[in-house]
Asks: 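Structure in structure tokens, see below.
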Amino acid sequence: MKVKGSEIILKTLIDEGVDTLFGYPGGSVIQVFDSLYDYRDKIKLIRTSHEQGAAHAADGFARSTGKVGVVIATSGPGATNIVTGVATAFMDSIPLVCITGNASRKLIGKDSFQEIDIVGITMPITKHNFIVRDVSQLQETIRKAFKIANSGRKGPVLIDIPSDVMADFTYYEPKEKLSEKNNFDIKEEDILKVANYINNSKKPIIYCGGGVTASGSFKELRKLIQESNIPACNTIMGIGVLGYEDELNLGMLGMHGRYSTNQAIDECDLLIACGVRFSDRVALNTEKFAKNAYIIHIDIDKSEIDKNIFTHFSLIGDVKEILTRLLPHIHSKERRDWISRINELRKNDYVPKSSEDEIKPHQVIKYISKTLGEDLIFVTDVGQHQMWTAQYCGRTHPRSFLTSGGLGTMGFGYGAAIGAKVGNPNRPVVHITGDGSFNMNFNEVITAVNNQVNIITVVMNNSALGMVRQWQHILYNDRFSGTNMVSGLDYVNLSKAMGADAYSCKSFNEFKISFDKAIRANKPVVIEVEIDKDELVLPMIPAGGSVEDVIME
């Protein structure tokens with residue numbers, strides 16, 4: 001029996017285990033939405049307010065569940081509206097399958113209505129992309145897309161489908177998912193060499209990131225830390241892979257990381273980098289970063305080796321497999337002198353001042369974390385609030401802190417929070433944002449209300465684009481250009497108009513009362529907290545600097 005292309009899309013998605021779809025209808029994908037009507041008991045559709053929100057929601061779903069997120073958009077502006085979301089996922093290695101419609105085959109290349117070369121546009125920001133010109137290739141193309149998105153270094157894949165291909169008929173039969181097994185030739189002698197470096201080092205540090213989350217290797221990593229007694233630090237993408245209260249957890253390093261962590265990196269004699277890419281927000285000055293260390297890089301992507309930092313030895317492969325093979329060869333060591341030195345460095349770490357009268361960001365984040373516990377998923381936008389959350393969120397498990405790390409996408413948060421809550425309906429999701437980021441995509445509050453996706457949003461309102469303003473203060477002599485945002489916008493009435501509950505707070509005590517109400521509310525809630533525009537994210541190492549240039553006050 002022959003099946004229409006639009007139905008093949010849905011049948012294949014179901015074969016791939018998809019039960020949630022984020023998107024927005026339009027002319028060139030209307031046939032998919034028509035077929036979706038018959039499959040609405042098997043695939044839940046979250047129609048967002050904007051296609052960018054749909055892409056971010058699919059991304060948040062993927063980050064929080066470990067599954068492949070799926071987004072669908074129509075041709076032309078629908079397709080271009082997901083580009084920022086695709087780029088966000090690409091920079092952070094998040095598996096997405098993005099399906100776009102296009103003009104019919106006979107109209108492609110003729111500047112037809114809502115025709116765009118989305119394959120050409122997204123080529124630099126996808127792992128791979130396809131245009132399907134024959135309906136008989138549709139099923140296999142979708143299956144390949146899922147395999148590519150979720151194997152090796154994960155990332156987004158785009159499939160562009162002309163509308164007449166969706167209308168064509170072809171044969172379909174259910175098939176098992178294509179294997180995502182990674183095959184790497186990791187030599188035992190290389191494993192032993194790494195173990196030897198670890199066992200003989202006096203001042204080692206483990207530096208881990210998003211690759212540990214992607215490979216599901218945080219348990220193996222923690223076992224390595226415990227058995228070897230090696231202190232470990234994480235990037236912003238690696239938040240949650242280390243036990244927050246563990247004595248050997250140095251916390252976050254880099255531009256807004258702890259002073260003690262960055263100084264320890266400067267003094268270590270061995271750096272074991274697991275699932276990281278040495279970004280410019282970590283290795284701000286490549287000539288000075290870990291200048292005394294022998295650097296070992298473990299990563300699944302060969303192209304990351306020696307890209308930003310030249311390493312002395314590398315292992316290419318799945319981090320989980322490598323750590324599993326490494327563990328039996330690791331010797332237990334006390335490393336008293338090194339841990340004692342790190343504890344001395346910790347005495348010089350920045351400690352923010354608390355207040356019951358003013359609202360201090362670190363108190364807000366810590367209160368949320370303590371109140372909702374380990375099940376809580378934090379989602380942030382980008383800016384000062386993002387860094388405060390990264391510093392104080394206290395996550396103890398991976399996939400519990402979602403943020404746009406590589407692209408730094410303002411407006412990412414609300415859509416991503418929707419995806420996280422849809423993928424984890426029994427876990428609390430709190431979206432931390434600033435007034436600048438919230439203003440970009442607050443239309444997705446409507447999506448949350450319409451779909452009963454109960455998210456708590458905390459808007460840190462300092463009437464400024466806080467992070468850029470901080471740079472203008474520190475580096476540009478208070479020449480505040482384009483960063484003040486005094487608009488008179490009433491966030492409470494705005495949120496209520498979209499169907500959410502809302503509160504505005506001027507003191508920490510008011511916030512605690514409002515947050516406790518939000519927890520009990522069975523609907524989306526927006527809480528505005530007013531903070532001083534001169535509140536800074538500290539410590540801070542200026543771009544291109546080193547720990548020698550750290551700003552602590």
Side-chain angles (χ1 to χ4, degrees), residues 22 52-71 82-98 122 124-128 148-158 207-218 234-241 252-256 273-283 299-301 303-304 307-308 319 377-383 386-387 389-390 393 395 398-420 423 431-432 437 441:
F22 302 91
Q52 184 177 333
H56 292 324
D59 181 319
F61 179 90
R63 290 180 197 244
S64 62
T65 64
K67 301 176 183 177
V68 178
V70 182
V71 59
I82 70 168
V83 168
T84 297
V86 174
T88 300
F90 181 74
M91 289 290 284
D92 289 342
S93 304
I94 306 302
L96 296 186
V97 168
C98 313
T122 59
I125 55 168
T126 53
K127 279 190 73 177
H128 194 77
I148 293 169
N150 209 33
S151 60
R153 181 174 181 171
K154 302 176 192 298
V157 178
L158 183 133
Y207 153 48
C208 58
V212 175
T213 299
S215 64
S217 57
F218 80 101
N234 58 265
T235 67
I236 193 169
M237 292 299 296
I239 288 175
V241 302
M252 191 170 70
L253 80 164
M255 179 174 281
H256 295 292
C274 298
V276 294
R277 58 188 181 88
F278 295 92
S279 84
D280 61 307
R281 286 300 186 263
V282 169
D299 203 271
I300 202 166
D301 186 356
S303 69
E304 288 297 343
K307 187 176 83 174
N308 296 326
V319 175
I377 299 174
F378 272 111
V379 185
T380 81
D381 276 287
V382 172
Q386 175 192 32
M387 292 300 127
T389 310
C393 65
R395 296 302 82 206
R399 304 195 184 281
S400 296
F401 175 83
L402 315 183
T403 197
S404 171
L407 197 64
T409 306
M410 293 176 67
F412 164 81
Y414 209 102
I418 289 172
H431 167 220
I432 308 293
S437 288
N441 272 348

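All heavy atoms count here, side chains included; hydrogens, waters and symmetry mates do not. Count residues from 1 along the sequence.
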Asks: Nearest 0.5 Å please: distance from the OG1 atom of Thr235 over to the OH atom of Tyr207.
Replies: 6.5 Å
Asks: Under 3.5 Å, side chain of Asp92 to main-chain N/O of Ser404, donor-acceptor pair present?
Replies: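 Answer holds: no.
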Asks: For residues His56 and Asn441, determine if any side-chain heavy atom of one lies less than 4.5 Å from a side-chain heavy atom of the other.
Replies: yes
Asks: Which heavy-atom pair separates Val86 from Pro156 by the least distance, and what is that distance?
Replies: O-CG, 3.7 Å
Asks: Which atoms form the tightest heavy-atom contact between Asp301 and Asp299, and what is the distance?
Replies: N-OD1, 2.9 Å
Asks: Does Ser437 use its side chain to pair, donor to acceptor, with the backbone of Val382 at less than 3.5 Å?
Replies: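 Yes; judged by distance alone, with no hydrogens or angles, the pair exists.
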Asks: Test your reading of the model: is there a side-chain donor-acceptor pair from Asp381 to the backbone of Gly411, 3.5 Å cut-off?
Replies: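 Yes, the answer is positive, given that a donor and an acceptor are paired below the 3.5 Å cut-off.
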Asks: Of all heavy-atom pairs between Val157 and Ala149, which one has the smallest distance, and what is that distance?
Replies: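 Scanning both residues completely, I find the closest heavy atoms to be CG2-N, 3.7 Å.
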Asks: Would you check if Met91 and Thr409 make a side-chain contact, meaning some heavy-atom pair closer than 4.5 Å?
Replies: no
Asks: Report yes if the side chains of Pro398 and Val212 come closer than 4.5 Å at any heavy-atom pair, otherwise no.
Replies: no
Asks: Where is the tightest heavy-atom contact between Ser64 and Ala420, given as atom of each residue plus distance?
Replies: OG-CA, 3.4 Å
Asks: If I take atom CG from residue Leu158 and atom CD1 from residue Ile125, how far apart are they, to the nearest 0.5 angstrom?
Replies: 8.5 Å
Asks: Once rounded to the nearest 0.5 Å, what's the spacing between atom NE2 of His431 and atom OG1 of Thr389?
Replies: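 Here the rounded value is 9.5 Å.
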Asks: Between Lys307 and Phe278, is the side-chain contact (heavy atoms from CB on, under 4.5 Å) condition met? List the steps.
Replies: CA-CA 8 Å; Lys307 187 176 83 174; Phe278 295 92; over 6 Å; no
Asks: If only atom types and distance count, is the side chain of Arg63 paired as donor or acceptor with the main-chain N or O of Thr403 below 3.5 Å?
Replies: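 The answer is yes, because a donor-acceptor pair under 3.5 Å joins these two groups.
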Asks: Quick check for you: to the nearest 0.5 Å, what is the distance between Thr122 atom OG1 and His128 atom NE2?
Replies: 10.5 Å
Asks: Kindly give the heavy-atom pair with the smallest separation between Val71 and Ala58, and that separation in Å.
Replies: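 Shortest heavy-atom separation between Val71 and Ala58 comes out as CB-CB, 4.1 Å.
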Asks: Taking side chain as C-beta onward, heavy atoms only, is Thr88 less than 4.5 Å from Asp59?
Replies: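 In contact.
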Asks: Indicate the atoms forming the closest heavy-atom contact of Ala89 with Leu96, along with that distance.
Replies: CB-CD1, 3.6 Å
Asks: Decide yes or no for Met255 and Asp280: does some side-chain heavy atom of the first lie under 4.5 Å from some side-chain heavy atom of the second?
Replies: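 Met255 does not reach Asp280 side chain to side chain.
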Asks: Taking the side chain as every heavy atom from C-beta outward, state whether Tyr414 and Val379 have any pair of such atoms under 4.5 Å apart.
Replies: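 No, side chains not in contact.
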Asks: If you round to the nearest 0.5 Å, how far is CZ of Arg153 from OG of Ser303?
Replies: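 So the gap between those two atoms works out to 6.0 Å.
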Asks: Identify, with sequence neighbours excluded, every residue that meets side-chain contact (heavy atoms from CB on, under 4.5 Å) alongside Arg395.
Replies: Ile239, Ser369, Leu376, Phe378, Cys393, Ser400, Phe401
Asks: Could you walk me through whether Val319 and Ile300 satisfy the side-chain contact (heavy atoms from CB on, under 4.5 Å) test, starting with their C-alpha distance in whole Å, then the side-chain angles of each, then the deciding distance to 0.1 Å, before giving a yes or no?
Replies: CA-CA 7 Å; Val319 175; Ile300 202 166; 5.8 Å; no
Asks: Supply the atom-to-atom distance Arg281 CZ to Ile236 CD1, rounded to the nearest 0.5 angstrom.
Replies: 10.5 Å
Asks: I'd like to know if the side chain of Asn308 and the backbone of Arg277 have a donor-acceptor N/O pair within less than 3.5 Å.
Replies: yes
